[in-house]
Engineer: 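Quick one: the structure is below, and I'll ask about it shortly.
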Amino acid sequence: MSGESRESLKVSVPIVDAWMQHPVGLMLADPMFDSLRAWSHGRLPRGELPLESTVRAMDDAGVGRGLLCAWWGPGGPLISNDEVAKAVARYPDRFAGVASVDLSAPMRAVRELRRCVQDLGFKGLRVVPWLWNLPPDDRRYYPLYAECVDLGIPFCTQVGHAGTLRPSEPGRPIPYLDHVAVDFPELDIVGGHIGYPWTTEMIALATKYKNVYIDTSAYKATRYPAELVTYMRGHGRHKVLFGSNHPAWPAAECLQGLEQLSLDDEALTAFLHRNAERVFALDANS
């Protein structure tokens, strides 16, 4: 957030970004992301940038810690877990890793997830359903959910329409994520990208299940649906996490207009860092 924007909040609040990428050349070169470049008005780079550029963007926004995620699709890793681990090793006080794995090989995926958490210290698993055209209640996810529970980490996913030119149906919260929440009550689930145009469905799940959360990645605060803002002000204040989807949506831009949401101090603090610290088991002092 710019200095002016932070001052307008009249409160000094640490910020945790629940959804970030530092994209590498393989991901940036994939033509499926061309449509995202249009959505992001050119903020998604075409060439690889130094890791320091992502840290500077965090500094500009006042983000202290970012959940930096790997990407794995049917063609293999687009951002590998080891690339994320190297970034975390360089800036351990700024980043925490979120793994991604190969859904097509469930047991190999379970072993890779175990390696990421136990050996690399990762804090979660993220699978993007539109990449696979498989909703999260597909049988191939289920061994991973059981492993997430055993490892004590959340499962993170994308809900709502796909920004790429891929089918959006796998991102619909009900019935797909609803089935997962029923089957795995011990699994913390974070639905990123708000869930639009099914935001009300996502709020319903987060209200119904104590283990379901929402992150606001890919949306500016000024574009949050009214029903989400009402939820954040009231009984959902402990269920919504701030996320940006850097670099396509930088955190500084996502946070602009945050003061217009009229969140009280408790709701603001929960949204910007406490909810993420709890869900991802982050050190609140890091």
Side-chain angles (χ1 to χ4, degrees), residues 16 18-19 67 69 72 98-101 103 106 109-110 113-114 117 122-162 167-219 224-225 227-228 230-232 234-243 245 270-271 274-282:
V16 175
W19 186 323
L67 278 299
C69 60
W72 203 309
V98 177
S100 194
V101 293
L103 272 186
V110 165
L113 176 59
R114 195 176 297 149
V117 176
F122 281 23
K123 295 293 188 176
L125 169 68
R126 174 167 285 119
V127 178
V128 178
W130 61 255
L131 262 178
W132 297 89
N133 198 26
L134 293 173
D137 63 350
D138 183 89
R139 68 185 187 282
R140 280 158 283 200
Y141 289 82
Y142 273 49
L144 291 164
Y145 297 151
E147 187 64 21
C148 284
V149 171
D150 282 348
L151 293 169
I153 61 167
F155 170 71
C156 308
T157 191
Q158 179 265 341
V159 289
H161 71 87
S168 296
E169 181 64 20
R172 182 153 194 168
I174 297 175
Y176 309 116
L177 213 55
D178 191 22
H179 293 161
V180 178
V182 168
D183 290 342
F184 291 90
E186 298 174 67
L187 174 69
D188 282 342
I189 301 166
V190 183
H193 295 15
I194 289 179
Y196 180 83
W198 306 299
T199 307
T200 303
E201 291 187 7
M202 196 60 221
I203 293 171
L205 293 187
T207 301
K208 178 179 179 179
Y209 300 106
K210 67 179 183 179
N211 56 316
V212 175
Y213 300 84
I214 302 168
D215 91 49
T216 61
S217 53
Y219 283 81
Y224 295 171
E227 62 267 31
L228 180 65
T230 299
Y231 184 62
M232 293 167 67
H235 67 282
R237 61 183 53 210
H238 300 298
K239 302 300 291 289
V240 184
L241 290 61
F242 169 73
N245 201 22
F271 172 54
R274 293 203 184 280
N275 293 343
E277 288 164 355
R278 185 178 70 255
V279 172
F280 289 99
L282 301 176

Engineer: Can Ile153 and Lys123 be said to form a side-chain contact (heavy atoms from CB on, under 4.5 Å), step by step?
Structural biologist: CA-CA 6 Å; Ile153 61 167; Lys123 295 293 188 176; 5.7 Å; no
Engineer: Tell me, with the steps shown, if Arg126 and Val190 meet side-chain contact (heavy atoms from CB on, under 4.5 Å).
Structural biologist: CA-CA 9 Å; Arg126 174 167 285 119; Val190 183; 5.7 Å; no
Engineer: Do the non-hydrogen side-chain atoms of Pro136 and Val127 ever get within less than 4.5 Å of each other?
Structural biologist: no
Engineer: So does Glu227 have more than 12 non-hydrogen atoms from other groups sitting under 6.0 Å from CD?
Structural biologist: yes
Engineer: Indicate yes or no: at least one non-hydrogen side-chain atom of Asp183 is less than 4.5 angstrom from one of Asp137.
Structural biologist: no
Engineer: If I compare all heavy atoms of Trp72 with all of Val101, which pair ends up nearest, and what's the gap?
Structural biologist: CB-O, 3.4 Å
Engineer: State, with a plain yes or no, whether a side-chain heavy atom of Asp178 is found less than 4.5 Å away from one of Lys208.
Structural biologist: yes
Engineer: Are any side-chain N or O atoms of Glu201 and backbone N or O atoms of Ile174, one a donor and one an acceptor, separated by less than 3.5 Å?
Structural biologist: yes
Engineer: Any chance you could measure Leu241, atom CG, to Cys156, atom SG, to the nearest 0.5 Å?
Structural biologist: 8.5 Å
Engineer: Quick check: closest heavy atoms across Arg114 and Leu151, and the distance to 0.1 Å?
Structural biologist: CA-CD1, 4.1 Å
Engineer: Below 4.5 Å, heavy atoms only, C-beta onward: do Val16 and Phe280 meet side chain to side chain?
Structural biologist: no
Engineer: Distance from Leu103 atom CG to Trp132 atom CH2, nearest 0.5 Å?
Structural biologist: 5.0 Å
Engineer: Heavy atoms only: give me the nearest Thr199-Pro225 pair and the separation to one decimal.
Structural biologist: OG1-CG, 3.8 Å
Engineer: Can you list the steps and then say if Ile214 with Val159 is a side-chain contact (heavy atoms from CB on, under 4.5 Å)?
Structural biologist: CA-CA 9 Å; Ile214 302 168; Val159 289; 5.9 Å; no
Engineer: Could you state the interatomic distance from CZ (Phe184) to CD1 (Ile189), rounded to the nearest 0.5 Å?
Structural biologist: 9.0 Å
Engineer: Please examine the side chains of Leu144 and Phe155, heavy atoms only from C-beta on, and report whether any two atoms are closer than 4.5 Å.
Structural biologist: no
Engineer: For His238, does its backbone N or O pair with a side-chain atom of Arg278 as donor and acceptor, under 3.5 Å?
Structural biologist: yes
Engineer: Test side-chain contact (heavy atoms from CB on, under 4.5 Å) on Thr216 and Tyr224; report intermediate values, then the result.
Structural biologist: CA-CA 8 Å; Thr216 61; Tyr224 295 171; 3.2 Å; yes
Engineer: Which pairs count as ring pair (Phe, Tyr, Trp, His ring centres under 6.0 Å) when at least one residue sits in residues 187-216, sequence neighbours excluded?
Structural biologist: Trp19-His193
Engineer: State, with a plain yes or no, whether a side-chain heavy atom of Leu177 is found less than 4.5 Å away from one of Met202.
Structural biologist: yes
Engineer: Nearest 0.5 Å please: distance from the NE2 atom of His179 over to the OH atom of Tyr142.
Structural biologist: 7.5 Å
Engineer: Ignoring hydrogens, what is the shortest heavy-atom contact between Tyr231 and Thr207? Give both atom names and the distance.
Structural biologist: CE1-OG1, 3.3 Å
Engineer: For Gly243 and Asp215, which heavy atoms make the closest approach, and how far apart are they?
Structural biologist: CA-OD1, 4.3 Å
Engineer: What heavy-atom pair brings Tyr141 and Pro129 nearest, and what distance separates the two atoms?
Structural biologist: OH-CA, 3.6 Å
Engineer: Would you mind reporting whether Leu113 and Cys148 have side-chain heavy atoms less than 4.5 Å apart?
Structural biologist: yes
Engineer: Taking Asn275 for the side chain and Arg237 for the main chain, is one N or O donor matched with an acceptor at less than 3.5 Å?
Structural biologist: yes
Engineer: Are the side chains of Pro197 and His161 in contact, using a 4.5 Å heavy-atom criterion?
Structural biologist: yes
